[in-house]
Structure formats: structure tokens, C-alpha cells
Amino acid sequence: MGNGPAQPARLCLYLACGPHKLDLTRPRVMGILNVTPDSFSDGGAHFDRQRALEHARQMAVDGAEIIDVGGESTRPGATPVAEADELRRVLPVIEALAGEGLVVSCDTRRPAVMRAAIAAGAAIINDVGALTAVGAVDAVRQSNAAVCLVHMQGEPGTMQDAPRYGDVVRDVRAFLAERARACEAAGIVHERIVVDPGFGFGKTLAHNLELLRALPEIAAAGYPVLAGLSRKSSLGTITGRPVQERMPASVAAALAAISRGASIVRVHDVRETVDALKVWLAIHDGE
Ligand code: 9MG
């Protein structure tokens, strides 16, 4: 036994997601693939699908176990896109990556997109709306896809205006427990459910830090926890760095989440996060 804190107990051994059984006895990295015109443009206004696919493949080579494909930004203040545009952006990418055997998740709040994404091969639905949209629970229930239930206060357009809680940890835990119960009651089994406190989704820096410290309590509910802090504005507030210079802060935040029981971290900088995780595991495996 060493002197440092032991690896947190991970209560969930695996995630059942489509044809995959993702081993969660070790923390896993989810790579972010935003398929929006501002992410992979060909220099003009057109989205370059080939570049997006190459980026996803590189993230997989670098150690991402899941590729999270999103066609609509959920950033604070982002403008919504039409459903048809979201479908046109994500479906070919999901189909290509799932066809190559990768575990693909689709970041969407729309039931029609969920159904189409699952039909195209998505193994996980990552919903910042926690399946609260009418028809969303049904869209997942009628498949064998997993779901990530994210806590969000408000809507992406306005959620950062003045977020307020009685007790942020208690409120987020209660919300996630209620959503997980609703999913299980509808027939989505425990092994298909992931929960996520939704860092930055209607939260101040103080709320995010409180939730990060309380991650073991959130994990104690028995569902794997996903944490997404990568490049978020709280890290900019702490470091004073613009978004393109937040990689080291993001890696530190991912490790902090993992050491408090997160099973999956959602990141932009896969290679750097995986390296840091390897070091962390090498230290903790010896305990
Ligand atoms: C889509 N998206 C943006 N931030 C996220 C986060 O923190 N968690 C999850 N699950 N999805 C996110």
C-alpha cells in the first residue's frame, strides 16, 4: 500500500452500448468531434467531412475509446441549427466511424436525430437535455444504445446568465437520480446509463468546483460518471488563458475528475489526456 490516495472504487464494471461492452474498470477517454462548419472548414464556409473523419481516426489512435459526434454547438450563447442540418452533418460521419468498428456517441437533444444516429451506428446518445424532450426516452429505449444523462440548468442560449441553486450538489444529484429512474422505468437497463453533472451547463465557476469536489458522491449513486471540463470557460477564468491555450488546464481537470471517480472524460486533447492518464494509472496501479 502506498502513501497517496488509492484509486476510487469504480462501481460500474462496464457500459453496454450497442454491440459493444465498454470495460469501465479503468477510466476511458471520449474524444470530441464537432462536425460544424466552424470546426472543419475547407477554408471557405463548407464543412470538410474528410478532415473530420481523419481527426476522429487520429483520436482513436491516440487512445480515445469513444468518439462523440455533435452537429449542433451547446456552447453558451450558441445559435440552434435546423434539425435537417444537424442530421446532414452527423449521419455520414457516424456511419463511417461506426463502420470502422469505433464506439461512436452522438451529442444531440433531438429524438429524431437520436433515432437516425442509432440507425447509423451510434452506440451512445449523449444528451445534454437528459432525455427530457418528448419522445427522447422512447428513441433510446427502443434500441440497445447507451445514454449519457447530463444535468443542465436552463438552455444553452441563456444558461450562463445567472445560474442559481439552493445546494448545487444536492440539486444535481437529485436530478440525475430522477432521470436515471425514469430511464430504468422505461426499460433502459442500468448498464446502459451514464450520468454527468454537466460542468458549465448553467453553472458558475464556484458551482463547477463544488461539483468536481463532490464527484465521489455523484458516483456513489452507482452509475458511471462522465465529466466534461475540456477547454471550458471555468478553466479560462482560473488560468486567464483563451480557449486555444487551455490544454494543460484541461488535462489537470480531467485527472482531477478521474481521481474523484469519473469513469469517462470528454476531451478535445486526447493524446495529452491519455498520456497523463497513463502516468496516473502507473502510480495508482502500484498501490
Ligand atoms: C456536448 N457536451 C458539451 N459539454 C459536455 C459535457 O460536459 N458533458 C457531456 N456529456 N456532453 C457535453
Side-chain angles (χ1 to χ4, degrees), residues 15 17 22 24 27-36 39 64-78 80-81 86 89-90 93-94 103-110 113-114 117 122-133 136 140 145-157 159-160 163 168 172 175-176 179-180 183 192-205 207-209 211-212 215 218-219 223-236 243 246 249-250 253-254 256-258 260 262-269 273:
L15 180 69
C17 45
L22 190 67
L24 293 181
R28 302 291 162 185
V29 171
M30 168 189 269
I32 299 169
L33 189 71
N34 291 322
V35 290
T36 52
S39 322
E65 304 273 352
I66 306 166
I67 305 295
D68 189 38
V69 179
E72 178 180 55
S73 175
T74 49
R75 273 200 306 270
V81 301
E86 188 182 350
R89 288 175 186 178
V90 300
V93 174
I94 291 171
V103 180
V104 179
S105 69
C106 179
D107 152 23
T108 186
R109 292 195 291 158
R110 291 186 167 119
V113 179
M114 292 173 190
I124 305 172
I125 295 300
N126 176 28
D127 181 9
V128 302
L131 299 189
T132 50
V140 175
V147 63
C148 179
L149 303 167
V150 185
H151 176 273
M152 171 168 64
Q153 186 182 87
E155 283 291 308
M159 64 190 177
Q160 288 306 101
V168 68
V172 168
F175 173 83
L176 293 175
R179 293 312 301 150
C183 287
R192 290 168 59 198
I193 298 173
V194 177
V195 297
D196 181 334
F199 294 106
F201 284 96
K203 280 122 191 151
T204 62
L205 170 59
H207 294 142
N208 288 327
L209 291 175
L211 284 167
L212 186 51
L215 228 43
I218 295 171
Y223 300 96
V225 172
L226 188 150
L229 288 139
S230 184
R231 299 186 189 173
K232 287 195 175 166
S233 70
S234 282
L235 303 182
V243 66
R246 292 181 194 157
S250 301
I258 285 167
R260 285 164 179 77
S263 292
I264 304 171
V265 286
R266 182 179 181 275
V267 308
H268 297 87
D269 303 292
T273 309

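Order of appearance sets the numbers: ligands from 1, and atoms from 1 within every ligand.
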Just jot down the ligand 1 atoms closer than 4.0 angstrom to any heavy atom of [X], in number order.
X    : result
C148 : 10 (N)
G228 : 7 (O)
L226 : 8 (N), 10 (N)
D107 : 1 (C)

Item checked: Shortest non-hydrogen contact from P224 toward I193 ->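 What the structure gives for the nearest pair is CD-O, 3.2 Å.
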Notebook entry, point to check: Do S234 and N208 pass the side chain to side chain donor-acceptor pair (under 3.5 Å) test, and can you show the C-alpha distance, the side-chain angles, and the key distance before you say yes or no?
Noted result: CA-CA 8 Å; S234 282; N208 288 327; 2.7 Å; yes
Margin query: Does any N or O of ligand 1 fall below 3.5 Å from an N or O anywhere on N126, backbone included?
Written below: yes
Check: Would you say A227 and ligand 1 have an N/O pair spaced under 3.5 Å apart?
Finding: no
Next item on the list: Kindly say whether N126 contributes a backbone atom to a donor-acceptor pair with the side chain of S105 at under 3.5 angstrom?
Entry: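 No; zero donor-acceptor contacts below 3.5 Å.
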Checklist line | Side-chain (K203) to main-chain (F201) donor-acceptor, under 3.5 angstrom | finding: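 Present.
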Item checked: Derivation and outcome, side chain to side chain contact (heavy atoms under 4.5 Å, CB included), residues I67 and M30 -> CA-CA 6 Å; I67 305 295; M30 168 189 269; over 6 Å; no
Note to self: Just to confirm my output: which protein heavy-atom neighbour is closest to atom 3 (C) of ligand 1, and how far is it?
What the structure shows: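 Looking at atom 3 (C) of ligand 1, the protein heavy atom closest to it is R266 NH1, 3.2 Å.
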Note to self: Checking a contact table here: which protein heavy atom is nearest atom 8 (N) of ligand 1, and how many Å away?
What the structure shows: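 Minimum-distance protein heavy atom for atom 8 (N) of ligand 1 reads D196 OD2, 2.6 Å.
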Note to self: For D269, is there an ion pair with R231 - N to carboxylate O distance below 4.0 angstrom?
What the structure shows: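 Salt bridge present between R231 and D269.
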Margin query: I'd like to know whether E86 forms a side chain to side chain donor-acceptor pair (under 3.5 Å) with T108, so could you lay out the CA-CA distance, the side-chain angles of the two residues, the decisive distance to 0.1 Å, and finally the verdict.
Written below: CA-CA 9 Å; E86 188 182 350; T108 186; 2.7 Å; yes
Margin query: With a cutoff of 4.0 Å, is K232 in contact with ligand 1, counting heavy atoms of the residue only?
Written below: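 The answer is yes: ligand 1 sits under 4.0 Å from a heavy atom of K232.
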